[in-house]
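Single-structure report; data block below.
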Amino acid sequence: MGRTFISQKKQTKEDMHDALVKNAIDFLDSSLDDLDKRPKNSVVDFYTSIELFLKARLMTEHWTLILSRPELANLDSFQVGDFHSIFLDDAVTRIKNILKQPIGANAIDAFKALGEHRNQIVHFAHTKYQDIQATKASVVAEQWSAWHYLHELLVSDWSPIFDNYLEEFERIHQRMMGQQEFIKARYTAILPQIEIKKKSGFEVENCAHCHMESAIITQKNEWSNDYECMVCGVKDVLIKKTNATIPCQSCGKEFQFFDKELKRCPNCGEEIDHEYVYEMCKERYSQGDEWCEEGGEWIAYCHKCYDDRPSVFYIDSLWSCISCFDRGWRAITCPHCNEFVTGDMDTIKYFACVRCEDKARAEFEESGF
Ligand SMILES: [Zn+2]
Ligand SMILES: [Zn+2]
Ligand SMILES: [Zn+2]
Ligand SMILES: [Zn+2]
């Protein structure tokens with residue numbers, strides 16, 4: 001990316017921020033324009049847009065934060081567009097460490113997946129031939145998932161920073177959702193093949209990416225199922241569902257609350273209050289698994305969404321985060337910092353956990369390795 005702005009006259013920092021955001025919006029539009037004929041260009045532009053938005057967010061904190069080497073910052077050069085800027089990874093790290101507003105792991109995963117796809121396209125000219133409809137479907141699904149998180153950051157987490165652009169975001173959102181028609185048409189075209197799979201004994205579920213009932217279960221695991229989607233081609237994992245219930249805070253009727261999409265009580269329509277769910281879970285799921293100490297910690301910090309307080313309860317035989325709705329990880333007390341956390345056991349054991357990884361990394365860097 002390197003030199004982002006080419007301009008003759010000096011701009012104010014506000015001008016530059018505005019130019020950055022408008023540039024990011026332009027890339028979203030061109031990404032959508034390219035979907036039909038050049039789905040691969042579409043991926044590249046979409047990714048560029050994400051990077052620009054993250055930089056715009058950093059810039060509102062301080063303009064030097066978007067420079068690859070802030071120690072060489074020079075305002076005069078900056079204002080004529082002569083500087084090297086950072087890439088996604090650094091932007092994510094700075095947002096987490098300097099702004100103290102970590103972007104959730106699921107969002108980062110979605111952005112990185114798009115980034116990997118972009119790199120394949122940019123660096124390898126000859127990729128395997130794929131039917132353009134299938135390519136488009138997978139690109140649409142990938143963009144939906146990245147847009148879902150980006151949209152959330154722009155209109156809610158980072159409000160009011162981007163409030164001047166809400167109308168534009170809404171317009172893009174409508175364009176993005178308009179692709180649903182394409183996905184549905186593709187689903188209808190492929191339905192006979194899905195039926196054949198079903199008849200030969202495969203289970204079919206909803207794909208987490210394109211949301212069609214076209215996810216063919218390829219392998220069943222203890223807490224999840226592997227699948228491959230026939231509409232968008234994505235290979236992913238479906239987390240095991242739970243039927244666990246809590247009573248509604250308003251009508252008292254029990255409902256299945258562990259569902260990311262559920263915003264209201266299915267019985268009375270009252271909006272579900274996260275604080276209430278939290279307190280209810282504390283009451284109902286007041287024990288950990290057999291590895292937990294008697295009377296010790298039983299709510300774990302989540303390494304997927306970095307929620308500031310412990311959010312992972314032992315529900316229906318699996319550790320389940322009520323903030324990001326991920327489940328199935330193991331929870332232990334970190335041997336380095338003593339916090340009760342979820343995560344990959346080896347990483348925690350040999351490196352650090354979600355609560356102490358920043359400190360561990362800083363110490364590692366200081367030690368000169
Ligand atoms: Zn799919
Ligand atoms: Zn209710
Ligand atoms: Zn979580
Ligand atoms: Zn730790």
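All values reported here derive from a predicted model rather than from experimental measurement. Note that the numbering runs from 1 along the sequence shown for the chain. Start at 1 and go down the list; that is how both ligands and their atoms are numbered.
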When you check the gap from the basic side-chain N to the acidic O, do [X] and [Y] get nearer than 4.0 Å?
X	Y	value
Lys197	Glu203	no
Asp29	Arg171	yes
Asp344	Arg330	no
Glu116	Lys112	no
Arg94	Asp89	no
Lys96	Asp358	yes

Between [Y] and [X], is there a cation-pi geometry (under 6.0 Å to ring centre, at most 45° from the normal)?
X	Y	answer
Arg309	Tyr278	yes
Lys136	Phe182	yes
Arg355	Tyr301	yes
Arg327	Phe313	no

Remaining members of the apolar cluster that contains Leu72, side-chain heavy atoms under 4.5 Å: none
Can you count the protein N/O/S atoms lying under 2.8 Å from the Zn ion (ligand 3), leaving waters out?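 Atoms of protein N, O or S type lying less than 2.8 Å from the Zn ion (ligand 3) total 4.
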At distances under 2.8 Å, what protein N, O or S atoms surround the Zn ion (ligand 2)? Cys248 SG, Cys251 SG, Cys265 SG, Cys268 SG
Is it true that Trp147 and His173 share a donor-acceptor pair across their side chains at a distance under 3.5 Å? yes
Taking the six-membered ring for Trp, are His303 and Trp329 parallel (under 30°), tilted (30 to 60°) or perpendicular (over 60°)?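 Ring orientation of His303 relative to Trp329: perpendicular.
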If only protein N, O or S atoms under 2.8 Å count, total around the Zn ion (ligand 1): 4
